[in-house]
Amino acid sequence: MFDHELPQFELRSDAILLEVIMPQGTGADEIIYIAGDFNGGQDAASGDLKWQMEKAANNDVKWGIYLYPEDFVNGKTLADGFYFVSKTQGIERTLQNGDALHQISAKVGTRTDITVTRWNAYFEEPEDPSEVIHDGYAVFVMDNTGWDALTLYAWGKEVCVILILQPADIKNIRVLLLSDDGTNIRSDVYLKCSTNADITCGDETKSAGSEELLHPADTLTMAPGKTFIVKPESEDGKIYLCNGNGTAVSNGYAGTIEVRSTENGYTVVNELPLEEYLHAVVPSEMPSSFSPEALKTQAVCARSYAYMQLMRADLAAYGAHINDSTSYQVYNKVEKTKESVAAVDATCGQVLTWNGKVVEAYYFSTSMGYTDTAKIWNVDDPSSYGYLKKACLNQADADIDLSDETAFSKYIKSSADGYDSDIRYYRWFATADLSDKTETVNEILAARHSISPKNVLYYESDGTTEMDVAAAGEKMGAITGMSVEARSSSGSILTLDLTYECGIVKIKTEYNIRKILGCMVKKIVYADATESENITMLPSAFSTVEKQEDGTYLLSGGGYGHGLGMSQNGANGMAKAGMGYQDILNYFYQDITVETIGEMEGKETL
């Protein structure tokens, strides 16, 4: 453990203490704020001393802040997400220049350690292109990474940069198992194993009987800083999460389970071979009743995604590469089946590459006849996602430009014969009502703006003069209307305009648009006449927004999911039509190659 990982601030019984390791290059005189839904976001937090971080007196990289729940607003907590903002270096970013967001369930009187990996300034172009900038990032070392050679660069007396010199021998993956409420920390943990098991904590190993109820807290209390590891004696042994009565509350996990004690509870990590992990990802993401070739496409996509996460190790602070939720890939929510095992084994080691790099093979449930490009996420450089193309799933294979409102409305209200047109999500409609929705919409907009300001833009009524975001809520008044400003050639809404009494908000990205329209809808009617009520998001952003005489808006739409990459139901339709899995993958992803991990020396990830 490095010195900067040691506690630097005293606990207070009436406050939540966050201790934060800031990136290299953070100056001692930096002004840094914490921001999130709980305090109104970046604009509200900046300049307010109660949200300003304090540097540790005897440590240059450790900062802290005391948070008092009575200061939180809108009933929000730290579990709703927060991030950090430097006055000189900008907003916190992930290692891949994505939106950073921490989520924890912290109690008053406790300490939680947080790590900021990069500032926005890290990604800015240097004045001198030959200058190498290392400021603003941290790299973590974990055991069992599979890397053959590392060069370590020191910052003072501490290692701060790790240069990977040789390709990885990827074998195992480490999965953080989230608690029932979706957080990283559990209040308690009970386990049992279907076979006899070895229990290791520190230097001590003992045996546990089959089905014996294990309570790691009893051991960890006596061995602070140690890890409680359960390993079945038999290869076919499975480990189960249980309640206090010994009843299994999860499917069985292969590999080992590690439990670690933290300030706020316990983390649970499952380590197992990558291919065995995929056995339980494929059926959790795609029904095993799908055609074998479709299941193979899912296996290759899932392996490509997992390979990238092994390289990134976003959750290194928890001793994991990924978690088991939709934030990464759903894992072991459905137990492995003979069909999923066959699909994974038949494609063993295979991943998708584009321009010599492993890609993030996005997929979604159902199309509306077309897939889209990365423009729907308003990315800075869509060309870096060049493998994500517009694909037509209709049997007629007509490439229609749906960026025009009239053309899109005509298309989405008509029937089509496509590879996934028999799925109920292929077409749907709903009514959006703006009445009494201003407050709800404004809360969503504020939350989304705090995460990514460029995707929620506030303007005066002229639509061009930017508005002070801090004053927008009170100044704009009520929502009076909405319209589509821009639509992709595949038909997804790129920009949705909300008109207020005194202002306009322009909303970008399919996720934000689906959140906003979803809160205005009471129910959705699908193609088979079935209905869904109490929704929180529109099924997709492929929708009309047509004002009716009574002031409501008709949303005629299609598809389910973001619409990027592979339609899972479409892949199944193609497999039924006789296409092989590599043909299906090439249909959805442009200029890709299916390669085997063991034959990929020197390959990188996007």
Side-chain angles (χ1 to χ4, degrees), residues 2 4 18-36 39-49 51-56 59-65 81-102 113-140 153-156 158-164 311-314 316-317 377-385 448-457 466 468-470 508-509 604-606:
F2 297 129
H4 63 258
L18 300 187
E19 291 201 12
V20 185
I21 299 174
M22 294 298 177
Q24 180 191 3
T26 303
D29 57 350
E30 204 86 49
I31 297 177
I32 301 171
Y33 298 97
I34 184 173
N39 66 2
Q42 177 180 350
D43 295 309
S46 297
D48 191 330
L49 290 177
W51 309 122
Q52 185 172 332
M53 305 294 294
E54 175 187 353
K55 192 184 79 67
N59 193 295
D60 289 337
V61 298
K62 200 70 171 284
W63 295 62
I65 189 169
F82 61 94
Y83 53 94
F84 298 90
V85 182
S86 163
K87 190 172 181 179
T88 59
Q89 300 199 65
I91 196 168
E92 176 188 2
R93 305 295 288 170
T94 66
L95 292 171
Q96 293 76 39
N97 196 17
D99 297 332
L101 192 69
H102 307 276
D113 290 317
I114 305 290
T115 299
V116 174
T117 54
R118 289 181 177 175
W119 294 120
N120 186 62
Y122 171 81
F123 299 97
E124 296 175 357
E125 291 293 331
E127 292 183 10
D128 179 1
S130 65
E131 180 183 358
V132 178
I133 294 181
H134 292 293
D135 287 354
Y137 66 92
V139 183
F140 302 91
Y153 290 86
W155 173 23
E158 297 172 358
V159 172
C160 64
V161 177
I162 303 172
L163 179 63
I164 300 166
M311 302 298 102
R312 293 174 177 170
D314 290 344
W377 286 340
N378 194 30
V379 296
D380 293 331
D381 182 15
S383 66
S384 64
Y385 296 87
R448 300 308 300 171
H449 179 272
S450 68
I451 295 171
S452 183
K454 74 172 185 176
N455 292 323
V456 180
L457 306 171
E466 293 187 17
D468 178 10
V469 176
K508 299 178 184 292
T509 78
E604 302 175 8
T605 59
L606 283 180

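Predicted, not measured: the structure shown is a model, and the values here were computed from it.
- Of the possible donor and acceptor atoms, one in the side chain of N39 sits under 3.5 Å from a partner among the backbone N and O of G41.
- Looking at residues two or more places apart in sequence or on another chain, you find a ring-ring contact (aromatic ring centres under 6.0 Å, His included) between W51 and F38.
- T115 approaches H102 most closely through the heavy-atom pair O-CE1, 3.4 Å.
- Between the side chain of K454 and the main chain of K508, no donor-acceptor pair closer than 3.5 Å is present.
- Taken from CE in M22 to CD1 in I32, the straight-line distance is 4.0 Å, to the nearest 0.5 Å.
- For the residue pair W63 / T26, no side-chain donor-acceptor distance below 3.5 Å is found, with atom types taken as modelled.
- Listed by first and then second residue, the salt bridge (Lys or Arg N to Asp or Glu O under 4.0 Å) pairs that reach into residues 86-100 are R93-D99, sequence neighbours excluded.
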Would you sort out whether S450 and F82 count as a side chain to side chain contact (heavy atoms under 4.5 Å, CB included), showing the intermediate values?
CA-CA 9 Å; S450 68; F82 61 94; over 6 Å; no

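- Looking only at distances, a side-chain donor or acceptor of S46 sits under 3.5 Å from a matching main-chain atom of Q42.
- Separation of atoms CH2 (W377) and CG (N455) is listed at 12.5 Å; rounding is to 0.5 Å.
- Salt bridge status for K55 with D29: absent, with no side-chain N to carboxylate O gap under 4.0 Å.
- Nearest heavy atom pair, residue K62 against residue I21, reads CD-CG1, 3.9 Å.
- With sequence neighbours excluded, the residues that form a ring-ring contact (aromatic ring centres under 6.0 Å, His included) with H449 are Y458.
- Within the 4.5 Å cutoff, the side chain of Y33 has no heavy atoms near those of the D48 side chain.
- Looking at E30 and S86, their side chains come closer than 4.5 Å, going by heavy atoms from C-beta outward.
- Minimum interatomic distance between I34 and A45 (heavy atoms only, all atoms of both residues): O-CB, 3.3 Å.
- The shortest side-chain heavy-atom distance between I114 and F84 falls under the 4.5 Å cut-off.
- Side-chain contact between V20 and M53 is present, with at least one heavy-atom pair separated by less than 4.5 Å.
- For the atom pair CG of D380 and CG of N97, the computed distance is 7.0 Å after rounding to the nearest 0.5 Å.
- Here the closest heavy-atom approach between residue Y385 and residue D381 is recorded as CD1-O, 3.9 Å.
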